[in-house]
> 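Pasting a structure here, questions to come.
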Amino acid sequence: MNQPPASRPVRPSVLSLNINSKSALYAAYMPWIANGGLFLPTSKHYALGDDVFLMMQLMDDPAKYPVAGKVVWITPAGAQRNKAQGVGVQFPADETGKAARIKIEQILGGHLGSNRPTHTL
């Protein structure tokens with residue numbers, strides 16, 4: 001009797017993100033998502049709920065922040081108002097997600113309340 005092959009766990013996709021300006025960080029940050037998150041421009045196709053692993057480098061900080069997250073937003077190619085194609089990744093409710101959110105919010109400071117447009121809203 002033949003059995004189907006055992007399914008292998010799907011490894012999360014690894015996305016590298018280097019944000020080198022406060023305006024780029026503001027445009028990518030998604031503070032309205034529980035635990036925070038970032039929008040990453042990409043033409044790679046993802047589905048809502050996909051696991052991804054981010055390697056973030058922020059501004060002049062040489063440290064890379066590793067964060068495992070989930071795709072919670074998708075902007076398809078050709079979206080209205082010329083929005084960039086990509087995905088929004090929600091940070092996890094663990095220490096790595098908290099550290100990433102705190103670091104981003106420290107950098108953005110008073111810009112968080114701005115009404116300037118972002119990649120998502």
Side-chain angles (χ1 to χ4, degrees):
M1 183 183 220
N2 288 340
Q3 292 186 338
S7 64
R8 295 184 314 182
V10 177
R11 296 180 70 190
S13 179
V14 177
L15 297 169
S16 185
L17 180 66
N18 184 3
I19 296 180
N20 54 17
S21 74
K22 199 178 277 191
S23 61
L25 182 59
Y26 172 82
Y29 187 49
M30 302 169 78
W32 42 269
I33 291 178
N35 308 316
L38 282 174
F39 178 84
L40 292 89
T42 182
S43 58
K44 192 170 178 188
H45 293 282
Y46 290 93
L48 291 176
D50 281 357
D51 291 320
V52 294
F53 188 78
L54 300 178
M55 287 301 293
M56 299 185 311
Q57 189 168 5
L58 303 172
M59 313 289 279
D60 297 328
D61 187 347
K64 291 191 189 246
Y65 296 89
V67 180
K70 284 203 178 298
V71 173
V72 296
W73 180 281
I74 298 173
T75 302
Q80 292 180 344
R81 298 190 318 265
N82 296 322
K83 293 285 187 183
Q85 178 181 3
V87 295
V89 176
Q90 180 181 32
F91 298 151
D94 63 13
E95 289 304 312
T96 62
K98 185 177 181 179
R101 188 180 80 240
I102 288 170
K103 178 68 176 173
I104 290 168
E105 290 181 358
Q106 284 174 342
I107 292 169
L108 291 177
H111 294 284
L112 285 173
S114 174
N115 60 358
R116 290 182 311 172
T118 67
H119 288 303
T120 53
L121 296 177

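Because only heavy atoms are used, hydrogens play no part in the values below, and waters and symmetry mates are left out as well, while side chains stay in. Throughout, numbering of the chain's residues begins at 1 and tracks the sequence.
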> Working to the nearest 0.5 angstrom, can you tell me the gap between Arg101 CZ and Ile33 CD1?
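So the gap between those two atoms works out to 12.5 Å.
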> Counting only N and O atoms by type, is there a donor-acceptor contact under 3.5 Å from the side chain of Asp61 to the main-chain atoms of Leu58?
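No, Asp61 side chain to Leu58 backbone: no donor-acceptor pair under 3.5 Å.
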> Would a hydrophobic clustering, with Ile, Leu, Val, Met, Phe, Trp and Tyr connected at side-chain separations under 4.5 Å, put Phe53 with Ile19?
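Different hydrophobic clusters.
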> Report whether Met56 and Ile107 are members of the same hydrophobic cluster (ILVMFWY, side-chain heavy atoms less than 4.5 Å apart, transitive linking).
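Same hydrophobic cluster.
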> Who pairs with Asn18 by side chain to side chain donor-acceptor pair (under 3.5 Å), at least two apart in sequence or on another chain?
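Partners of Asn18 by the side chain to side chain donor-acceptor pair (under 3.5 Å) criterion come out as none, since no residue qualifies.
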> Flag the pair Asp50 and Lys70 as a salt bridge only when some basic side-chain nitrogen lies within less than 4.0 angstrom of an acidic carboxylate oxygen.
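Salt bridge absent between Asp50 and Lys70.
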> Testing the basics here: between Pro92 and Val67, what is the closest heavy-atom pair and its distance to 0.1 Å?
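Pro92 and Val67 have their closest heavy atoms at CD-CG1, 3.5 Å.
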> Is it true that Met59 and Leu54 fall in one hydrophobic cluster, defined by side-chain heavy atoms closer than 4.5 Å?
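They do share one cluster, since a chain of ILVMFWY contacts under 4.5 Å joins Met59 to Leu54.
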> Asp94: what forms a salt bridge (charged side-chain N to carboxylate O under 4.0 Å, His left out) with it, not counting sequence neighbours?
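Listed in chain order: nothing, the list is empty.
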> Judged by atom type as modelled, is there a donor-acceptor pair below 3.5 Å linking the side chain of Gln90 to the main-chain atoms of Ala34?
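It does hold such a pair.
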> Take Val89 and Leu38 through the side-chain contact (heavy atoms from CB on, under 4.5 Å) test and state the conclusion after the steps.
CA-CA 5 Å; Val89 176; Leu38 282 174; 5.6 Å; no
> Could you work out, with side chain to side chain donor-acceptor pair (under 3.5 Å) as the rule, every residue matching Thr42, not counting sequence neighbours?
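Thr42: no side chain to side chain donor-acceptor pair (under 3.5 Å) contacts found.
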> If hydrophobic clusters are built by linking Ile, Leu, Val, Met, Phe, Trp and Tyr wherever their side-chain heavy atoms come under 4.5 Å apart, do Met55 and Leu17 end up in the same one?
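Met55 and Leu17: separate clusters.
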> Is there a path of hydrophobic side-chain contacts, each under 4.5 Å between heavy atoms, that joins Ile74 and Val52?
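Same cluster: Ile74 reaches Val52 through Ile, Leu, Val, Met, Phe, Trp or Tyr contacts under 4.5 Å.
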> Looking only at non-hydrogen atoms, find the nearest pair between Gln85 and Pro76 and report the distance.
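Answer, listing the atom of Gln85 first, then Pro76: CG-C, 4.0 Å.
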> Applying side-chain contact (heavy atoms from CB on, under 4.5 Å) to Phe91 and Ile104, what does each step give before you reach the verdict?
CA-CA 12 Å; Phe91 298 151; Ile104 290 168; 3.7 Å; yes
> Kindly give the heavy-atom pair with the smallest separation between Phe39 and Ala84, and that separation in Å.
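So the minimum-distance heavy-atom pair works out to CZ-O, 3.3 Å.
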